[in-house]
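Inspection log for the structure reproduced underneath, given as structure tokens.
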Amino acid sequence: MPTSARTPSAGRCCPARTCRPRSRPTYSELLVRDAAGGFPAAAKLVQVAKFYGFDGYFINQESRVAPADIPAYKQFLKQLRDGGLYVQWYDSIDNSTGAISYQNEFNAVNGPFVRDSRLGDVSDSIFLNYWWNRTKLTDSKSYAAGLGLDSRKSVFAGVEAGQYQFNQPYNLDDNLDAGGAPMNAIATLGADFVSSDYANKTDDAAQRDVFDRERRWWTGSSAGAATPEGTWKGVSKYVAERSVIGGTTFAASFNTGHGLSTWTRGRLSNPKEWGNINLQDIPVTWQWWIDAAGTPLTADFDYGPAYTPASRFSYQKIGAHNGGSSLVLSGTLDGDNTVRLYKTDLQVTKGSTLDLTYTKPSASDDSELRLGLVLASDPSEVVQLPLAGSGQRTTGWTTRSVDLSAYAGQRVAALGLVVAAGARPIQGYQVNLGALALRDGKDRTPAAPQDLRITQLLPETGELFLSWKRAGYDKVRRYDVYLDDTYLGGIYDDVYYVKRFTATSGTIRLVAVGPDGSESPAATTSFDLATAPAKVKASAGPDGTLTASWTPPANGRSVTLKVQSRP
């Protein structure tokens, strides 16, 4: 075992002071067979996984296995796998002797617990014990290949997330080959430490820091820059980016799918807190990749005046242009900052334009915003497209557009922003990005939605049900619902439900949003509860008779009673 928390060893992952004896019962109880030769425990574990909807099991066998039990143990694993579950084995047992033996690599000692020469595949992958190095990871890839396995799917380099947190002794650069590609997969144990091991985890006001810790664990900083909690670079540094952003159009409002308020074109359209994953934009690919010639700016999602950012941030809270959040860049600007935002595969046409909607609440200066394109034809270069006058302070949101026709026929591999510094360092710099849109010169404004109806409005329970005719996803990406000018929510569907609806009159407005962010004319339908009956009640008698009662509408209109049986 290692003698301290920072000293690598070929032994068990944890230092002696933190290891605990494994509790009884033992593995042998799992290997009890039924009359048909199967394992009832495996069958029950399959049943449990399917009932609760999780994918499988990580088998951490860290006590000796009798050599005679090894074949049965593998058959037990195989029954789990054959039951449709994902099975991962821990690097802990010698396949020949059954003794505890941490290899810290994938080799002939532990390999048969993944692919056995007689039984075939008994598990899907192995979680390597933690004291690997470049040589061991290189050998692991080679050994997997010799078995006909893809090492990126079958071999996981283990990381003790919970124990070392942001001060990891492991260097995942060791898992990169000469071309910078990962040789094996990565597994992290205890990544929930971002919350569970945080001193103030029970303090509601400190949850902002938990959120910030979680982002830094997974995405870190682009250069592994030192923070108060360590130099961890983030898991995403070692995972190749993938993206669904393609075609000739793209639009994003940096909306994370939840917020403390809602804004529409920079106007506060609903002051209430909300969460709706249907409204989440495609997330920013790199959170955050900022190449800075001097002091890097900090990036955060700005949820408006009611938001309390993590303690390391200091900026003026603006809110969103559309939705619940914008992207804020702030800090000391003493060198150019290149901010990579989205990995893409976008096609540029003769009519293509790229629009940025932003607000700059900090003082006017000689800085400049430039839209950044990385073209597939030259991925090493960032093409910079200046936005004239973007160093000036704004009093609200403004939109600037650049013509991309000079790049017609090219493919855009990444979209980003360059914040170009001025002649002298700029203290307290801040810019909020509200929307980014690539348009191809074609009018893609959706038609007004059809057949908008209030299918149910229930004043007693405060519920509203809407329906309309849905257009194809190639024409409409979502529908936004308003009560007069108050935003109620959005979805790509042909129905919408509002849980707390207390209005007694007004106009429902439905707007379709296209793939380039353009908005249709609104479909409308009005209501006035003064023209409707109230306190409607119905009860059925034993003989099948139905008794209904209601308060007549104030205007004295007649009432039609519709009785509909439920299926």
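- Between L387 and L356, the closest side-chain pair of non-hydrogen atoms falls below 4.5 Å.
- The distance from the CG atom of D480 to the CG atom of L279 is 7.0 Å, given to the nearest 0.5 Å.
- Summarising the geometry, atom OG1 belonging to T359 is positioned 10.5 Å from atom CG belonging to L433; distances are rounded to the nearest 0.5 Å.
- Between Y496 and Y479, the gap from one ring centroid to the other reaches at least 6.0 Å.
- A heavy-atom distance below 4.5 Å is found between the side chains of I454 and T525.
- A donor-acceptor contact shorter than 3.5 Å links the side chain of D365 to the backbone of S367.
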T455 vs S467, test: side-chain hydrogen bond (donor to acceptor under 3.5 Å, both in side chains). Steps then yes/no. CA-CA 7 Å; T455 52; S467 67; 4.8 Å; no
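- Taking all atoms of both residues into account, the shortest heavy-atom contact from P449 to S520 is CD-OG, 3.6 Å.
- Note: F465 and F501 fail the aromatic proximity criterion, with ring centroids not under 6.0 Å apart.
- The side-chain heavy atoms of E463 and R500, taken from C-beta on, include no pair separated by under 4.5 Å.
- You'll find the ring centres of H258 and Y303 inside the 6.0 Å limit.
- For the pair S326 (side chain) and G319 (backbone), a donor-acceptor distance under 3.5 Å is present.
- For the ring pair (Phe, Tyr, Trp, His ring centres under 6.0 Å) test with W232, the passing option among W218, F166, W217, F193 is W217; the others fail.
- The two atoms that bring S269 and W263 nearest to each other are OG-C, 3.7 Å, heavy atoms only.
- For S195 (side chain) and D192 (main-chain N/O), no donor-acceptor pair under 3.5 Å exists by modelled atom type.
- Of all heavy-atom pairs between P361 and V431, the closest is CD-CA, 4.5 Å.
- Without hydrogens or angle criteria, Y358 side chain to T398 main chain gives no donor-acceptor distance under 3.5 Å.
- Under the 4.5 Å side-chain criterion, counting only non-hydrogen atoms from C-beta, L341 is in contact with L327.
- Side chains of V374 and V412 form no contact here, defined as non-hydrogen atoms less than 4.5 Å apart.
- Taking both residues in full, the closest heavy atoms of L452 and W468 are given as CA-CB, 4.0 Å, listed atom of the first, atom of the second, then distance.
- A pairwise comparison of heavy atoms in D209 and S311 identifies OD1-N, 3.1 Å as the closest pair.
- Between D494 and K469 there is no salt bridge, since none of the side-chain N atoms of the basic residue sits less than 4.0 Å from a carboxylate O of the acidic one.
- With rounding to the nearest 0.5 Å, the separation of CG in D212 from CD in Q207 is 12.5 Å.
- Under the 3.5 Å distance criterion, the side-chain polar atoms of K50 are left unmatched by any main-chain donor or acceptor of G53.
- For S352 against L438, the heavy-atom pair with the smallest separation is CB-CD1, 4.4 Å.
- Using a 4.5 Å heavy-atom threshold, the side chains of L436 and L354 count as touching.
- A salt bridge between R400 and D355 is absent, with no side-chain N of the basic residue lying under 4.0 Å from a carboxylate O of the acidic one.
- Atom-to-atom distance recorded for L464:CG and L483:CG is 8.5 Å, nearest 0.5 angstrom.
- Interatomic distance, CD of Q427 versus OG1 of T295, reported as 8.5 Å (0.5 Å rounding).
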Distance-only check: which donor-acceptor pairs under 3.5 Å involve side-chain atoms of residues 238-253, not counting sequence neighbours?
{"residue": "Y238", "atom": "OH", "partner": "D173", "partner atom": "OD1", "Å": "3.1"}
{"residue": "E241", "atom": "OE2", "partner": "W286", "partner atom": "NE1", "Å": "2.6"}
{"residue": "S243", "atom": "OG", "partner": "I245", "partner atom": "N", "Å": "3.1"}
{"residue": "S243", "atom": "OG", "partner": "K343", "partner atom": "O", "Å": "2.6"}
{"residue": "T248", "atom": "OG1", "partner": "D440", "partner atom": "OD2", "Å": "2.7"}

Between N432 and D302, is a side-chain hydrogen bond (donor to acceptor under 3.5 Å, both in side chains) present by the stated rule, with each step listed? CA-CA 8 Å; N432 285 59; D302 178 352; 2.9 Å; yes
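- Salt bridge annotation for R340-D291: present, with a cationic side-chain nitrogen under 4.0 angstrom from a carboxylate oxygen.
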CA sep, side-chain torsions, deciding dist, call: D403, S405, side-chain hydrogen bond (donor to acceptor under 3.5 Å, both in side chains): CA-CA 6 Å; D403 182 357; S405 59; 3.0 Å; yes
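- Judged by distance alone, with hydrogens and angles left aside, the side-chain atoms of K360 form no donor-acceptor pair with the main-chain N or O of Q392 at under 3.5 Å.
- A donor-acceptor pair is defined here as one N or O able to donate and one able to accept, closer than 3.5 Å; no such pair exists between the side chain of S325 and the backbone of A320.
- Residues L373 and L385 have side chains in contact (heavy-atom distance under 4.5 Å, counting atoms from C-beta outward).
- Within a 6.0 Å radius of CZ in R453, other residues, nucleotides and ligands contribute 12 heavy atoms or fewer.
- Of the possible polar contacts, none joining the Q163 side chain to the A161 backbone as a donor-acceptor pair under 3.5 Å is found.
- Side-chain N or O atoms of K272 include none that pairs as donor or acceptor with a backbone N or O of S261 at under 3.5 Å.
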Walk me through whether Q88 and Y57 qualify under side-chain hydrogen bond (donor to acceptor under 3.5 Å, both in side chains). CA-CA 6 Å; Q88 185 172 78; Y57 294 97; over 6 Å; no
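- Under a 4.0 Å N-O distance rule, the pair R216/E214 does not qualify as a salt bridge.
- Side-chain contact between L268 and N270 is absent, with no heavy-atom pair separated by less than 4.5 Å.
- Residues D484 and R509 are not paired through a salt bridge, judged by the lack of any N-O separation under 4.0 Å between the basic side chain and the carboxylate.
- Once rounded to the nearest 0.5 Å, the distance linking CD1 of I277 with CD of Q280 reads 4.0 Å.
- Heavy atoms of other residues, nucleotides or ligands lying less than 6.0 angstrom from CD of Q450 number 12 at most.
- Under the 3.5 Å distance criterion, the side-chain polar atoms of R439 are matched with a main-chain donor or acceptor of D516.
- The pair E519-R265 meets the salt-bridge criterion, since a charged nitrogen lies less than 4.0 angstrom from a carboxylate oxygen.
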